[in-house]
Amino acid sequence: NNNNNNNNNNMTFLNAGLSVLFAVGSLRQPNVQRQQQQCVKPTALFAYPQMNTMVVDLDVYESMLLWLRGSTDAFINDALFIEESKCGVGYGAFVSKDVKEGELLFEVPRKGCVTIENAIGDPECGRAFKKIIEKAGPGGSTVVLAAYLAKEYLVMLEREDITWSKIGPYLQTLPWERGFNNQEHILFWSDLEVEHNLKESFCYTEAVELRTEVEFAVGIINGIIGNAIRRERGEIKPERTGGFFRLPWDNKEEEDAGPPVDKKKIVDGLDQAVRGAFVSLLTRSFQDEGIKGDNNNNNDDDDDENEKLVPILDMLQHSDVPNVSHVMRKVDGTVEVRARKDISAGEELVNQYRSEQDENMPAHRFFTRFGFVPGATESPRELFEDKSSVFYPKIEQV
């Protein structure tokens, strides 16, 4: 189904030089509807980790829309506007007038999306990014995309200028920390919180495996973009010979005009930024099919293994009955989003992240991957504290 290519995509992580496959979907927030849960009461107080919610200003999204229209030549229907979601948490997209089935809501050109080409084209780390993909195969592309996002974000913070990065206005909308627009995700938890809260749950094994992969990726990414961040902070001097980063496993020692630094030490803020980047990819990314006949694509045989981020589309709330459809034009990579059915004025646009009827995507996996439980009126915290059967085997009362 071309309208839901993202729902069957695979996300891969680099682990000791091997690609480890994780099947995920796209986007992030839930469409909250009531669903009866079979629960048993806990025998002790459940210390679900506290989350400080940070609701960003609407101006951040207005800035993103201006950037899309002005810098990427995106088309955005005049009826589309953004405000606080009525069927999820955070913000959502709405229409101000009736929209007919098949009407174009918005389209984002490939240059407005975040793809592996952005990373490979990075003037400072692009060659190292490309080398990772060559060594690790399609699994490396996910690590590279996360590294690129983290680097752009950290340098943008140092410069305090969103215009420094060509995707700066979009970077502001991504969940870089837990609680951003109420974004929950186990990648933001501590090891102790995972052990205490998930140990006996259906989520535990997958959560630990996912966190282990990301922790490994942090070390790889630190070895590639770490000096770019250090240079930006003035901790080391600029390279004399240009911006080529060697991979951590390369034998040849990197020449550096600055003082000696501990290459294994994680740069301040990098761990958090990388986790935020992976949360964005897990919860928002779409399958990237590449452009037909593009000779610059480094993975023509593995296009379906790559991810991309699509502004606006990636912030739509989830519903198992979506009212939008999306497709990428192979000729130029533009993503078109149209009304799947007639949409009334004031109605929120919703997309299907994954089918709630998919046997391979039970409710607890929605939580592990997207940070929410579809159809639940209770928060994840309440479901865990009540030992809900969403997360735990049902215990028969005697």
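Quick note: residue numbers are just sequence positions, from 1.
R340 places a side-chain N or O within 3.5 Å of a backbone atom of V324 that can act as its donor or acceptor partner. A donor-acceptor pair under 3.5 Å links the side-chain atoms of N222 to the main chain of K265, judged by distance alone. Without hydrogens or angle criteria, E195 side chain to L192 main chain gives no donor-acceptor distance under 3.5 Å. A donor-acceptor pair under 3.5 Å is absent between the side-chain atoms of D122 and the main chain of A119, judged by distance alone. In this structure, T368 contributes its side chain and H364 its backbone to a donor-acceptor pair below 3.5 Å. In this structure a side-chain-to-backbone donor-acceptor pair under 3.5 Å is present from R211 to I186. Under the 3.5 Å distance criterion, the side-chain polar atoms of D342 are matched with a main-chain donor or acceptor of E101. Remark: side-chain polar atoms of K308 are not paired, donor with acceptor, to backbone N or O of S285 under 3.5 angstrom. Of the possible donor and acceptor atoms, one in the side chain of N77 sits under 3.5 Å from a partner among the backbone N and O of A79.
Residues F180 and F188 place their aromatic rings such that the two centres sit no closer than 6.0 Å.
Within the model, atoms CD of E84 and CD of E348 stand 11.0 Å from one another, a figure rounded to the nearest 0.5 Å. The SG atom of C203 sits 10.5 Å away from atom CZ of R369, with the distance rounded to the nearest 0.5 Å. Expressed to the nearest 0.5 Å, how far CG of L145 lies from CG of L309 amounts to 6.0 Å. Here the CG-CD1 distance, from L154 to I229, works out to 4.5 Å after rounding to the nearest 0.5 Å. The distance from the CH2 atom of W176 to the CE atom of M54 is 13.5 Å, given to the nearest 0.5 Å. A distance of 4.5 Å separates CZ in R110 from CD in E117, rounded to the nearest 0.5 Å.
Counting heavy atoms from C-beta on, the side chains of D288 and M328 come closer than 4.5 Å. The side-chain heavy atoms of V335 and F286, taken from C-beta on, include no pair separated by under 4.5 Å.
Ring-plane geometry between F372 and H318 is classed as tilted, the angle between the planes lying from 30 to 60 degrees on a 0 to 90 degree scale. Using cut-offs of 30° and 60° on the angle between ring planes, the pair Y61 and Y91 is tilted. Classified by interplanar angle (parallel below 30°, tilted 30° to 60°, perpendicular above 60°), the ring pair W189/Y48 is perpendicular.
The existence of a salt bridge linking E184 and R178 is confirmed by a sub-4.0 Å separation between a basic side-chain nitrogen and an acidic carboxylate oxygen.
Defined by atom type and a distance below 3.5 Å, a donor-acceptor pair is present between the side-chain atoms of D332 and T334.
Seen from the ring of F94, K86 counts as a face-on cation partner, given the 6.0 Å and 45° thresholds.
When every heavy atom of P311 is checked against every heavy atom of M64, the shortest pair comes out as CB-SD, 4.2 Å.
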